[in-house]
Enquirer: 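My structure is below; once you've seen it, I'll send some questions.
Position 1 is the first residue of the sequence; numbering continues from there.
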Amino acid sequence: MGTLDWRPAAEVPELLAAPVRPALGDIPGYAAAIDPTLADTAAFCAEYDVPIAASANCVIVHGKRAGESTYAAVMVLATHRADVNGVIRKHLGVRKISFAAQDDAVGATGMEYGGITPIGLPADWPVLVDEAVAQAGLVVIGSGIRASKLLVEGSDLAKLPTATVLALANPV
């Protein structure tokens, strides 16, 4: 996809964050090196000729209810916007929800901000996958570092151990 040199991820472990390497397991993913200054979706897609509709973003949300904290990963296509205050908040059963602070997300995941991926997250974190991602076919996602990307089937993200597929986003 695009102009990148995709290689089987198992052959290039240096292109994956430490938590991602063992968690990739049987997912047939491919990795490619990129310029880390171009990791943000719009710049990445423009530079490497990847359709924006084939790019999926992982955002980390933080919810609270009665003093309890919940973190979750949310996967949406780059062409969609997640309904954080509606569907996601209700699904997680939290009263207040927001995007996780950058330092908290980086510290809790062991991944670089702008490269966080649902593969290799803490085992108790829910992974909410928008149904459009699960049905998209091949999608480009973060690798845990800003200097590379992963190419995986969206349906494989729906099979992650804590994944739930929901209608949680709307086209932008």
Side-chain angles (χ1 to χ4, degrees), residues 1-13 15-17 19-34 38-61 71-84 86-88 91-92 99-100 105 109 111-123 125-172:
M1 180 172 302
T3 59
L4 293 161
D5 179 24
W6 296 105
R7 301 193 43 214
E11 294 178 9
V12 286
L15 294 181
L16 308 174
V20 177
R21 293 177 200 140
L24 196 56
D26 295 331
I27 297 173
Y30 296 86
I34 65 166
L38 299 172
D40 294 332
T41 304
F44 164 78
C45 289
E47 177 67 22
Y48 297 105
D49 199 27
V50 171
I52 197 151
S55 184
N57 294 325
C58 180
V59 294
I60 305 300
V61 294
Y71 284 93
V74 176
M75 291 299 304
V76 296
L77 292 177
T79 55
H80 287 62
R81 179 165 294 142
D83 183 3
V84 174
V87 175
I88 296 167
H91 179 79
L92 294 174
F99 294 107
T109 64
M111 300 180 201
E112 294 178 6
Y113 194 77
I116 294 175
T117 186
I119 301 167
L121 291 174
W125 283 23
V127 175
L128 307 180
V129 180
D130 183 55
E131 61 189 11
V133 172
Q135 298 167 3
L138 288 172
V139 290
V140 176
I141 64 173
S143 65
I145 63 173
R146 289 182 64 88
S148 66
K149 293 285 186 180
L150 275 172
L151 180 66
V152 298
E153 287 285 340
S155 59
D156 284 335
L157 298 176
K159 296 174 189 171
L160 291 170
T162 61
T164 302
V165 177
L166 300 165
L168 55 82
N170 299 304
V172 177

Enquirer: Please report the closest heavy-atom contact between V12 and A31, naming both atoms and the distance.
Expert: CG2-CB, 3.8 Å
Enquirer: Is the closest side-chain heavy-atom distance between C58 and I116 below 4.5 Å?
Expert: yes
Enquirer: Any side-chain to backbone donor/acceptor pair from T3 onto D49? Under 3.5 Å, distance only.
Expert: no
Enquirer: Within a strict 4.5 Å, meaning less than it, do heavy atoms of the V139 and V152 side chains meet?
Expert: yes
Enquirer: Indicate yes or no for a side-chain donor-acceptor contact from S55 to the backbone of A78 under 3.5 Å, with no hydrogens or angles considered.
Expert: no
Enquirer: Where is the tightest heavy-atom contact between V76 and A82, given as atom of each residue plus distance?
Expert: CG1-CB, 3.8 Å
Enquirer: Which residue is it: V165, L166, N170? I am looking for the one with a side chain to side chain contact (heavy atoms under 4.5 Å, CB included) to L168.
Expert: L166
Enquirer: Are the side chain of K149 and the backbone N or O of A39 linked by a donor-acceptor pair below 3.5 Å?
Expert: yes
Enquirer: Are the side chains of F44 and V140 in contact, using a 4.5 Å heavy-atom criterion?
Expert: yes
Enquirer: Could you check whether any side-chain heavy atom of R146 comes within less than 4.5 Å of a side-chain heavy atom of D40, counting everything from C-beta outward?
Expert: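 Answer yes - side chains close enough.
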Enquirer: Is it true that a side-chain atom of W6 and a backbone atom of M1 form a donor plus acceptor pair closer than 3.5 Å?
Expert: yes
Enquirer: Is the shortest side-chain heavy-atom distance between L128 and L92 below 4.5 Å?
Expert: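 Answer yes - side chains close enough.
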Enquirer: Got L4 and L151 here, is their nearest side-chain heavy-atom distance under 4.5 Å?
Expert: no
Enquirer: Taking T79 for the side chain and A53 for the main chain, is one N or O donor matched with an acceptor at less than 3.5 Å?
Expert: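 Between the backbone of A53 and the side chain of T79 there is no qualifying donor-acceptor contact (under 3.5 Å).
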Enquirer: When you measure from the side chain of D130 to the backbone of A169, do you find a donor-acceptor pair of N or O atoms at a distance under 3.5 Å?
Expert: yes
Enquirer: Side chains of V127 and L157: closer than 4.5 Å at any heavy-atom pair?
Expert: no
Enquirer: Taking the side chain as everything from C-beta on, heavy atoms only, tell me whether I145 gets closer than 4.5 Å to V20.
Expert: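 Heavy-atom side-chain distance check fails, nothing below 4.5 Å.
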